[in-house]
Asker: 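Got a structure here, written out as structure tokens. Questions coming.
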Amino acid sequence: MKKSLIALAVITATSGAMAQSSVQLFGRLDVGYSNNTVKVDGVKNYSNSGANTVGNSQQGINSSQLNTQFWGIRGTEDLGGGLKAMFMLQSNFNTDTGGSQTDLFNREAWLGLSGGFGTIKLGRNYTAYDTVFGATNHTFNSNINVSTAVFDVGIANYTLRNSNSIRYEAPTINGFNAAVSYGFGENKTASTSATDTLSLAVWYSNGPILAAFGHQNQEISATVDREHTLLGGGYDFGTFRLVGSVQRTKESDRKDRDFQIGVNVPLGNFAVAFGYADGRTKAGGVTRNSDGYALVGTYNLSKRTTAYVGYERSEVEGTASTVSTTKTSNFAVGLRHTF
Amino acid sequence: MKKSLIALAVITATSGAMAQSSVQLFGRLDVGYSNNTVKVDGVKNYSNSGANTVGNSQQGINSSQLNTQFWGIRGTEDLGGGLKAMFMLQSNFNTDTGGSQTDLFNREAWLGLSGGFGTIKLGRNYTAYDTVFGATNHTFNSNINVSTAVFDVGIANYTLRNSNSIRYEAPTINGFNAAVSYGFGENKTASTSATDTLSLAVWYSNGPILAAFGHQNQEISATVDREHTLLGGGYDFGTFRLVGSVQRTKESDRKDRDFQIGVNVPLGNFAVAFGYADGRTKAGGVTRNSDGYALVGTYNLSKRTTAYVGYERSEVEGTASTVSTTKTSNFAVGLRHTF
Amino acid sequence: MKKSLIALAVITATSGAMAQSSVQLFGRLDVGYSNNTVKVDGVKNYSNSGANTVGNSQQGINSSQLNTQFWGIRGTEDLGGGLKAMFMLQSNFNTDTGGSQTDLFNREAWLGLSGGFGTIKLGRNYTAYDTVFGATNHTFNSNINVSTAVFDVGIANYTLRNSNSIRYEAPTINGFNAAVSYGFGENKTASTSATDTLSLAVWYSNGPILAAFGHQNQEISATVDREHTLLGGGYDFGTFRLVGSVQRTKESDRKDRDFQIGVNVPLGNFAVAFGYADGRTKAGGVTRNSDGYALVGTYNLSKRTTAYVGYERSEVEGTASTVSTTKTSNFAVGLRHTF
């Protein structure tokens with residue numbers, strides 16, 4: 001008996017027109033060297049724990065630099081008549097420490113049905129809003145971007161994922177797509193209703209054109225809503241591709257306006273991407289600004305393995321609660337591998 | 001190189017009379033909509049966290065409704081001469097949140113040998129008692145049953161699994177089966193012995209007939225034992241199947257008496273099951289009663305995928321320590337998938 | 001569609017001169033009965049939790065007796081031109097309880113490149129020192145050894161693994177090998193540098209001969225270093241094999257000197273191994289001694305499954321902070337299985 005090995009070729013147990021059933025063990029690793037510098041009002045900051053955290057000036061071997069990491073099990077079963085059962089169990093980890101989340105499948109966990117009516121997924125889902133935010137974000141939605149650092153300094157980032165949620169994805173019709181997700185909250189009390197999250201997205205994708213709209217309403221408490229609205233798009237000119245989006249956010253008396261643009265230039269196995277983001281948060285007559293840029297170069301050693309080098313820099317005038325000016329820079333070089 | 005994929009066909013690396021060696025990645029998901037209502041002395045209760053918990057009135061997307069969920073790795077190796085090595089590593093999770101246990105293979109973890117003498121499993125095992133309890137429980141031992149809610153209101157439920165344990169399963173002889181498990185406890189001190197757990201089960205299974213007996217003695221402390229004794233059985237009439245059991249429980253001066261019955265009617269890919277449970281706990285001259293019923297309908301979309309709808313309702317007069325009357329009802333609809 | 005099953009035969013998706021790409025699910029279990037006795041100044045000790053812990057007198061079903069346990073996912077991808085991408089995700093667990101670590105891939109987590117230049121691994125790596133310590137340790141580096149109990153009573157054991165680290169393994173040239181690992185620490189503050197760990201190893205392995213040297217410098221704080229230095233080797237006489245090593249350790253004003261020797265006698269599927277270890281810790285003019293021996297017998301039921309029986313006994317005059325004499329003995333019998 002030889003050593004156990006996961007077969008790497010697609011076993012077509014069923015052939016012809018019938019869709020295949022499969023169970024896959026899959027994942028992604030991303031690790032390399034990084035050097036982070038954070039200055040608060042000109043003074044170097046070391047207060048936050050973990051060199052991966054923006055807020056700590058450290059150098060070393062870090063992970064999730066180009067992309068976040070995961071391993072998981074997913075499957076598809078053909079039920080006949082165009083109906084499919086699908087599941088996803090996906091777990092975060094960091095290659096630099098071996099660290100993981102308390103909830104093993106915190107990243108994604110759902111069971112669903114897919115057919116002519118579209119796809120329904122029950123469990124822990126990405127919100128619909130996240131789908132269009134990611135698709136229109138600069139530097140290919142890599143972690144070497146500045147949207148997160150620059151956008152979330154006033155009102156907190158939208159919830160990317162909802163536990164106890166249902167997600168519906170409509171079938172594509174003439175390039176038009178739509179998704180909606182609803183998280184139940186499940187924290188109803190005798191006097192307050194559950195703090196649910198409703199998220200929707202519509203997008204048009206046809207040849208070089210992408211146009212996208214998203215809206216998410218997340219109840220923070222019985223009386224406070226956090227609302228995110230995004231308008232974005234992209235165009236592929238062949239030699240390069242442009243993306244961009246504008247986001248408006250509301251929570252209590254605070255209002256934020258954010259925008260970002262990016263360009264991606266493929267050069268065979270090489271690619272270069274640049275992104276710029278600009279944020280503004282306003283409340284009680286006080287406005288604070290933030291901006292930053294990111295530059296990434298990638299080289300595909302194979303379809304599954306990519307070497308990268310990147311640099312990002314951001315400046316934040318102050319958050320909802322602080323007035324310090326924080327300047328952050330991050331240099332990263334590393335390797336990404338999928339299986 | 002194509003995408004990695006776990007082969008779905010049984011690879012018979014060895015053929016003929018020799019038993020096969022294999023390693024399997026396997027699992028089960030179960031998620032859907034549920035609506036729970038809990039009333040304590042007529043007042044709706046929201047105090048417990050988690051909508052899955054009986055004790056909390058919530059609606060939403062919940063998991064483990066028809067069955068608990070897991071993923072795992074298991075294997076069998078043929079050692080020749082009728083001897084086999086076997087292992088099991090099984091991990092709980094919830095599809096609705098992606099949540100898991102602190103101990104990864106908390107559900108089952110054992111390594112064993114199997115041969116003409118039976119099977120020995122060393123590690124974290126289900127107790128022998130649990131085997132016969134499950135086999136004779138109503139509504140197919142699905143989670144949409146009322147045994148747990150109704151049976152454990154006085155003396156706590158038996159320990160389902162023992163860490164640091166040995167489990168022996170005898171070979172089947174003329175329909176007779178036996179299993180015994182022993183958990184060492186491993187908490188001996190200078191003045192007290194380890195609080196061990198001894199569990200045994202015998203059952204006769206032949207054609208339509210099932211008759212079962214189980215006993216479990218769990219040391220709670222150096223001076224207190226928790227004893228569970230069960231007599232149960234079933235009969236398959238062809239068009240429907242009946243199961244039932246009586247359980248007697250003792251701990252200190254408390255004595256409980258529980259019984260339950262169930263019927264299962266298969267109708268092609270459909271099946272309907274009904275169960276009723278009744279419990280009584282007695283100590284210091286005070287008796288408290290509990291009862292409930294459950295109704296489940298299932299439809300097999302395939303061998304691996306089942307849609308279900310269920311309803312359960314229970315009423316508990318009081319527990320060992322409280323005198324409130326708690327009425328619980330739970331409606332669930334969802335999907336179960338195995339891989 | 002049959003039940004999902006991980007193919008057990010090596011699927012050579014690519015053939016000929018080209019190296020294969022693969023993803024493997026793999027692991028090891030080790031569980032059995034053990035009886036530990038610990039006497040501190042003649043009095044039986046039960047204070048430590050967990051029967052696996054040296055320091056607690058318990059009997060029961062325990063794991064990691066012959067070897068530690070793990071499951072993991074690892075892969076190799078041929079990138080052409082002699083270059084390979086490699087990854088490792090490896091997770092500890094215990095079969096006796098199903099227990100695991102908070103950081104899932106705490107055991108090993110790295111992504112690397114391999115080629116004519118050697119191998120570079122980024123992430124959570126074993127230190128270079130650990131490689132030569134393990135290779136020259138008695139009783140095959142099994143857990144039934146007394147090096148750990150006897151060696152680490154003064155200065156603490158060396159760090160086996162470094163998060164946020166880089167490990168380089170040179171190509172073998174005429175039997176000469178070298179490895180170096182560096183852990184960044186990543187805990188720099190405004191006034192102190194990061195507490196890094198530098199570890200190196202060189203060894204010569206040719207036919208029956210093994211000669212090895214290792215050194216590890218671990219910064220415990222900004223002012224304290226922990227230094228381990230090892231000289232070891234082995235010789236295979238055919239009917240038996242000898243190994244041995246001397247270790248010198250320094251930390252602040254404390255100096256330790258340790259040595260161990262072992263012999264292994266293979267007898268077909270049987271093997272017998274014996275090891276002896278002796279330690280001495282010195283500080284402030286006070287010297288304390290420790291010694292012990294271990295004896296192991298193994299029988300291979302197959303290439304993947306081994307039955308074992310072992311006994312170890314150690315005596316420690318006192319540690320860096322205590323003067324009690326601790327006598328420990330451990331008897332173990334069990335089964336080890338790899339997949």
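Chain A is the first sequence line, chain B the second, and so forth, proteins listed ahead of strands; every chain is numbered from 1.
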Asker: On the six-membered ring of C:Tyr182, is C:Arg167 placed so that its NZ or CZ lies under 6.0 angstrom from the centre and within 45° of the ring axis?
Answerer: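 C:Arg167 over C:Tyr182 ring: no.
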Asker: I'd like to verify something: which residue of C:Ser163, C:Ser302, C:Gly185, C:Ser91 has the highest number of heavy-atom pairs under 4.5 Å with chain A?
Answerer: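 Winner by heavy-atom pair count: C:Ser163.
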Asker: Are C:Glu108 and C:Lys121 close enough for a salt bridge, meaning some N to O gap below 4.0 Å?
Answerer: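 Answer for the salt bridge query: no.
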Asker: With under 30° as parallel and over 60° as perpendicular, where do the rings of C:Tyr129 and C:His228 fit, or are they tilted in between?
Answerer: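 C:Tyr129 and C:His228: perpendicular rings.
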Asker: Among A:Thr102, A:Thr305, A:Leu104, A:Val43, single out the residue with the greatest number of heavy-atom pairs under 4.5 Å to chain C.
Answerer: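 Among A:Thr102, A:Thr305, A:Leu104, A:Val43, the one with the most close pairs to chain C is A:Thr305.
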Asker: So which of C:Ser165, C:Ala85, C:Gly80, C:Gly75 has the largest heavy-atom pair count under 4.5 angstrom toward chain A?
Answerer: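 Answer, by heavy-atom pair count under 4.5 Å with chain A: C:Ser165.
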Asker: Can you tell me which portion of C:Asn187 sits under 4.5 Å from chain A's heavy atoms? Options are side chain, backbone, both or neither.
Answerer: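 Backbone of C:Asn187 only, per the 4.5 Å heavy-atom cut-off to chain A.
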Asker: Please enumerate all residues that pass ring pair (Phe, Tyr, Trp, His ring centres under 6.0 Å) together with C:Phe93, with sequence neighbours excluded.
Answerer: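 Once residues adjacent in sequence are excluded, the partners of C:Phe93 under the ring pair (Phe, Tyr, Trp, His ring centres under 6.0 Å) criterion are B:Phe105.
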